[in-house]
K.L.:
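My questions all concern the structure below.
Keep in mind that this is a model prediction, so the values were computed, not measured. Chain A is the first sequence line, chain B the second, and so forth, proteins listed ahead of strands; every chain is numbered from 1.
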Amino acid sequence: MSAFSPLAPLPAEVRPRVIGWFEEQARDLPWRRPECTPWGVMVSEVMLQQTPVSRVLPRWEEWMRRWPTPTATADAPASEILTVWDRLGYPRRALRLQAAAQAMVERHADEVPTTVEQLRALPGVGEYTAAAVASFAFGQPEVVVDTNIRRVHARVFSGAALPGKTYTAAQRKLAHELMPETAHDQGREACAWNASVMELGALICTAKSPQCAICPVADLCAWVAAGSPPPTEEQQTKGQAWAGTDRQVRGAIMAELRRGEPVPRGTLLESLPLSEASSEQRLRCLESLLRDHLAEEYDGRVALPGVL
DNA sequence: AAATCGGGGGC
DNA sequence: GCCCCAGATTT
């Protein structure tokens, strides 16, 4: 029994088109160049968790210039780690990346580990990142599934406008079935497929206004064949609030601390450029940052970790 | 399964 | 103003 509905395209027909398109149209990103080290790939994957490529590029360049190896990253002051991370967002990722580097120094001889099991054991490395590093840095035919790939799969093979919020068992099964065979080329095509579908989702098959007119598989796409129906309410993403959230307040505190000077607790809590934030919220957020080791307090003054 | 965790650019 | 972006971790 085929896993694909009668109207869905055959993977064997889709794959060469998407891979061929990638070979012609892929962006020249620094972490894709042949001279990029596995550590460079690792850094890019963590930075790209929920952060667009355009914002990652300058931070990745600076990080790799300063800390080109796990050892260099492991030995850096946490305050510098967080300063170079700058406004990429979710700064706990920066601390986890350093913790991952320290684990590589201790357990893997200053190398990025090569198996998904070893990768998955590193701080900040989940199912996606482990597979992505194994595939992109080491050429292993792991099944890589990110938000772009889920969307392309949903449209081309399932005829849906969007994949829905949760990664279901059915979606994982589909992703496995779509992978090329690895026997003939030791997984080269599988890795190319991973990168190509991701790039198609990032450049053509985008969430908001997909460029079906220039898509290499538009004539095979189940969603296009169905008349490009809009997303169902089930598939809508409930927009994450920002104004007034603890995340915004935490971000404002971190921005102040990144200026480099230790700040008296009272001054810090009062000087935030968020007039609507209550004193209770400001205090709660500062305490949570201290708990997360994103900030430290000593003798009534607050700073990035390690400077006091 | 749902909540939490940043921040900015595109529309 | 709303939405989305190469997710991970905790509850």
K.L.:
So, A/Glu199 and A/Ser196: side-chain donor and acceptor under 3.5 Å apart, yes or no?
P.N.:
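Per modelled atom types, A/Glu199 and A/Ser196 side chains form no pair under 3.5 Å.
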K.L.:
Taking atom P of C/dA6 as reference, at what distance in whole Å does atom NE2 of A/His153 sit?
P.N.:
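Result: 15 Å.
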K.L.:
Donor-acceptor check, side chain of A/Gln248 to backbone of A/Gly244, threshold 3.5 angstrom: yes or no?
P.N.:
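Yes.
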K.L.:
Are A/Leu272 and A/Met254 connected, step by step, through hydrophobic side chains (Ile, Leu, Val, Met, Phe, Trp, Tyr) whose heavy atoms are closer than 4.5 Å?
P.N.:
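In one cluster: yes.
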K.L.:
Under 4.0 Å between a side-chain nitrogen and a carboxylate oxygen: does that hold for A/Arg282 and A/Glu270?
P.N.:
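Salt bridge: no.
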K.L.:
For A/Arg27 and A/Gly124, find the nucleotide of DNA chain C closest to each by heavy atoms; which residue's nucleotide sits nearer the 5' end?
P.N.:
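It is A/Arg27 whose nearest nucleotide is closer to the 5' end.
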K.L.:
Quick one: A/Gln240 CD to C/dC4 C1', roughly how many Å, whole number?
P.N.:
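Computing the A/Gln240:CD to C/dC4:C1' distance gives 8 Å.
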K.L.:
Which residues, if any, of residues 138-151 of chain A bring a heavy atom under 4.0 Å of DNA chain C?
P.N.:
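The stretch gives A/Asp146, A/Thr147, A/Asn148, A/Arg151 as the residues lying under 4.0 Å from the strand, ordered by number.
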K.L.:
Using atom C1' in both nucleotides, what's the gap between C/dC3 and B/dG6 to the nearest angstrom?
P.N.:
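Their C1' atoms lie roughly 15 Å apart.
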K.L.:
Which part of the nucleic acid, if any, lies within contact of A/Gly126, taking any heavy atom under 4.0 Å across all strands shown: a base, the sugar-phosphate backbone alone, or nothing?
P.N.:
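Sugar-phosphate only.
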K.L.:
Phosphate oxygens OP1/OP2 of C/dA8: is one of them under 4.0 Å from a side-chain N or O of A/Thr129?
P.N.:
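For C/dA8, OP1/OP2 do have a side-chain N/O of A/Thr129 under 4.0 Å.
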K.L.:
Which is more 5' along DNA chain C, the nucleotide nearest A/Ser44 or the one nearest A/Lys208? Just name the residue.
P.N.:
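Nearer the 5' end of the strand: A/Lys208.
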K.L.:
May I have the distance from A/Asp292 (atom CG) to C/dT10 (atom C1'), rounded to whole angstrom?
P.N.:
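Rounding to the nearest Å, CG of A/Asp292 and C1' of C/dT10 are 11 Å apart.
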K.L.:
Checking all strands, does A/Leu29 fall into the base, sugar-phosphate, or nothing category for heavy-atom contacts under 4.0 angstrom?
P.N.:
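Base: the residue A/Leu29, judged by heavy atoms under 4.0 Å, touches a nucleobase.
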K.L.:
What is the distance from CZ of A/Arg87 to C1' of B/dG6, rounded to the nearest Å?
P.N.:
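Rounding to the nearest Å, CZ of A/Arg87 and C1' of B/dG6 are 11 Å apart.
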K.L.:
Are A/Glu61 and A/Arg65 within salt-bridge range, i.e. N to O under 4.0 Å?
P.N.:
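Looking at A/Glu61 and A/Arg65, the cut-off is not met.
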K.L.:
Is the closest basic N to carboxylate O distance between A/Arg172 and A/Glu127 below 4.0 Å?
P.N.:
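Yes, A/Arg172 and A/Glu127 are salt-bridged.
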K.L.:
Tell me what A/Trp31 touches on the nucleic acid: a base, only sugar-phosphate, or nothing, going by heavy atoms under 4.0 Å.
P.N.:
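A/Trp31: base contact, heavy atoms under 4.0 Å.
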K.L.:
Looking at every strand, decide which applies to A/Val53 at a 4.0 Å heavy-atom threshold: base, sugar-phosphate, or nothing.
P.N.:
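Base: the residue A/Val53, judged by heavy atoms under 4.0 Å, touches a nucleobase.
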K.L.:
Check every atom of C/dA6, B/dC5, B/dG6 against the side chain of A/Arg92 and return the nucleotide holding the closest atom.
P.N.:
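The closest nucleotide is B/dC5.
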K.L.:
So does A/Gln49 get a side-chain nitrogen or oxygen closer than 4.0 Å to the phosphate oxygens (OP1/OP2) of C/dG7?
P.N.:
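Checking A/Gln49 against C/dG7: no side-chain N or O falls below 4.0 Å of OP1 or OP2.
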K.L.:
Would you mind reading off the distance between A/Leu119 atom CG and C/dG7 atom P, rounded to a whole angstrom?
P.N.:
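Whole-Å distance recorded here is 17 Å.
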K.L.:
Measure CG/A/Leu203 against P/C/dA6 and give the value in whole Å, please.
P.N.:
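So the CG-P distance, A/Leu203 to C/dA6, works out to 9 Å.
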K.L.:
Checking all strands, does A/Ala132 fall into the base, sugar-phosphate, or nothing category for heavy-atom contacts under 4.0 angstrom?
P.N.:
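The residue A/Ala132 makes no contact with any strand.
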K.L.:
Let me know, please, whether A/Ser54 or A/Ser288 comes out on the 5' side of the other along DNA chain B by nearest nucleotide.
P.N.:
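The residue whose closest nucleotide sits nearer the 5' end is A/Ser288.
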K.L.:
If the threshold is 4.0 Å, N to carboxylate O, is there a salt bridge linking A/Arg265 and A/Glu296?
P.N.:
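Salt bridge: no.
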K.L.:
One thing to verify: whether A/Glu62 and A/Arg66 come together as a salt bridge, which I'm taking to mean a side-chain N less than 4.0 angstrom from a carboxylate O.
P.N.:
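Yes.
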K.L.:
Look through every strand shown and name the nucleotide pairing with B/dG6 as Watson-Crick or G-U wobble, where both distances are under 3.5 Å.
P.N.:
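Check on B/dG6: unpaired, no WC or wobble geometry under 3.5 Å.
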K.L.:
Distance check, P atoms only: B/dG8 and C/dA8, in whole angstrom units.
P.N.:
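Result for the P pair: 23 Å, nearest Å.
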K.L.:
Applying a 4.0 Å non-hydrogen cut-off, can you work out what A/Arg284 is touching in the nucleic acid: base, sugar-phosphate, or nothing?
P.N.:
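Nothing, no nucleic acid heavy atom in range.
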K.L.:
Figure out the CZ/P separation between A/Arg120 and C/dG7, and round it to whole Å.
P.N.:
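That distance rounds to 15 Å.
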K.L.:
Within the structure, does a side-chain N or O atom of A/Arg247 lie under 4.0 Å from either OP1 or OP2 of B/dT4?
P.N.:
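No, because none of the side-chain N or O atoms of A/Arg247 sits under 4.0 Å from OP1 or OP2 of B/dT4.
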K.L.:
Is A/Thr166 touching bases, backbone alone, or none of the nucleic acid, heavy atoms closer than 4.0 Å?
P.N.:
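Counting heavy atoms under 4.0 Å across all strands, no contact is made by A/Thr166.
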K.L.:
Return each pair, listed once, that meets salt bridge (Lys or Arg N to Asp or Glu O under 4.0 Å) where at least one residue sits in residues 90-119 of chain A; pairs must be two or more places apart or across chains.
P.N.:
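Listed by first then second residue: A/Arg92-A/Asp292.
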K.L.:
To the nearest angstrom, how far is A/Arg55 atom CZ from C/dA6 atom C1'?
P.N.:
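It works out to 14 Å between those atoms.
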K.L.:
Taking the P atom in each of C/dA6 and B/dT4, what is the distance between them to the nearest angstrom?
P.N.:
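Comparing P positions in C/dA6 and B/dT4 gives a spacing of 24 Å.
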